[in-house]
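A quick write-up on the structure given underneath.
Every number for a ligand or one of its atoms is a count from 1 in the order of the listing. Remember, it's a predicted structure, so these values are computed and weren't measured experimentally.
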Amino acid sequence: MITVTDSLLPTPLGGTLINRVRPLHDASELRGLPTLELTDRAYADLELIATGAYSPLTGFLGEADYLAVIHTLRLDNGTPWSVPITLPIPREDARTYRGRVVLTRSGAPVGLLDVTEQYDARKALEAREVYRTEDAAHPGVAALYAAGDVNLAGDVTLFDVPRGAFPHHHRTPAEVRATIEARGWRSSVAFQTRNPIHRAHEYLQKVALELVDGLLLHPLVGTTKGDDVPADVRVRAYEVLLEKYYPHTRTLLSVYPAAMRYAGPREAILHALSRRNYGVTHFIVGRDHAGVGSYYGTYDAQEIFSAYTREELGVQILKFEHTFYCRTCGQLVSPRTCPHDAAHHLVLSGTKVREKLRAGEHLPAEFTRPEVAEVLRDAYLAAGD
Ligand code: ADP
């Protein structure tokens, strides 16, 4: 029997939504402890662990979990997991960090790490298995190589959820879950993106909205590579688009604080599992999800999910083929729905789009809605000043 307290939301991975946020009541508890300044990525990971977005993780991975994730796509206890969440430090600092460590940002304490283990990062192995390449030109591999050689492991505490640059759109997994419940969505789909919403994205989202009650538009706003559109510009574009073209009661714009790793298939799994923790029942994976350059096959990020059963994943993957505008059909289509060849299709690469914007040119309305194109053009023109 369903009672009012029964939730229709999926259980978090591992069964419990992790919460390791607690205020710092007394600064004297930090006295004498070593301090570790976090990078943007590590701070984002700290938040994602502490707020439960990375449930069942309670801290940065120890060696057994690290190797299990790399080799088996699972934590050591068999739970699905795809990308090692680690805290690398330079080898020469390793002796400093034993026991309790104060995590800082710009020197100010933001949390704690209770170090239980230190171990060598297997960078070449991690690059090969997680990123499928050892090429340092890959931005995720470059970040891996640039980081320290020793990983610190242990449980974390976060003193306060950083609401960042987008406080109105910043919600923890518990807050997103509460919103979904309050709106009465019995099913919902999350859309991960690091780009402005072009017409193809909108098409995927709206096809999905035909099937489920609500859309969690969940753009990643952590560190991205230099030529991706900056998060503040994208958020402005999401706001104008949602205002005008989306059903307000069935859409929730909320930011996802993670850094982009560009790990393609492996990152698609991480994106899906963490969105399950945010409480959605479905997750969209289109073409070359979280990919970069030509490191991954167009549908590798869809195929990799066959490593798990549907029960293990706990979130249903909505897979979409490459979507584009067909001039002859006069609508957004995919190879599944359009009989015409490439000459009829409007396809613009990210590079081409950036070239057009830098040149102050308009993007075709079939590719990007004019309101979004204008936000992008203004931002590019301002950046060129
Ligand atoms: P990400 O790099 O995080 O995948 P994108 O913004 O490039 O971010 O893509 C967001 C989602 O939309 C991903 O699931 C991606 O596969 C999908 N996607 C983007 N463009 C298309 C397209 N033209 N056709 C089908 N799927 C697409």
Problem - Shared hydrophobic cluster for Leu270 and Ile18 (ILVMFWY, side-chain gaps under 4.5 Å) - result: no
From the list Arg183, Arg177, Glu181, side-chain contact (heavy atoms from CB on, under 4.5 Å) partner of Thr179 resolves to Arg183
Residues with a heavy atom under 4.0 Å from ligand 1, by chain and number, are Phe191, Gln192, Thr193, Arg194, Asn195, Ala200, His201, Leu204, Met260, Ile284, Val285, Gly286, Arg287, His289, Ala290, Glu321, His322, Thr323
With sequence neighbours left out, the residues meeting salt bridge (Lys or Arg N to Asp or Glu O under 4.0 Å) with Arg74 are Glu312
Whether Arg266 engages the ring of Tyr296 as a cation-pi pair (distance to the six-membered ring centre under 6.0 angstrom, angle to the ring normal within 45°) should be assessed.
no
The complete set of salt bridge (charged side-chain N to carboxylate O under 4.0 Å, His left out) pairs with one or both residues in residues 362-373, sequence neighbours excluded, reads Glu202-Arg369, Lys244-Glu371
Contacts satisfying ring-ring contact (aromatic ring centres under 6.0 Å, His included) that involve residues 75-116 (not counting sequence neighbours) are Tyr54-Trp81
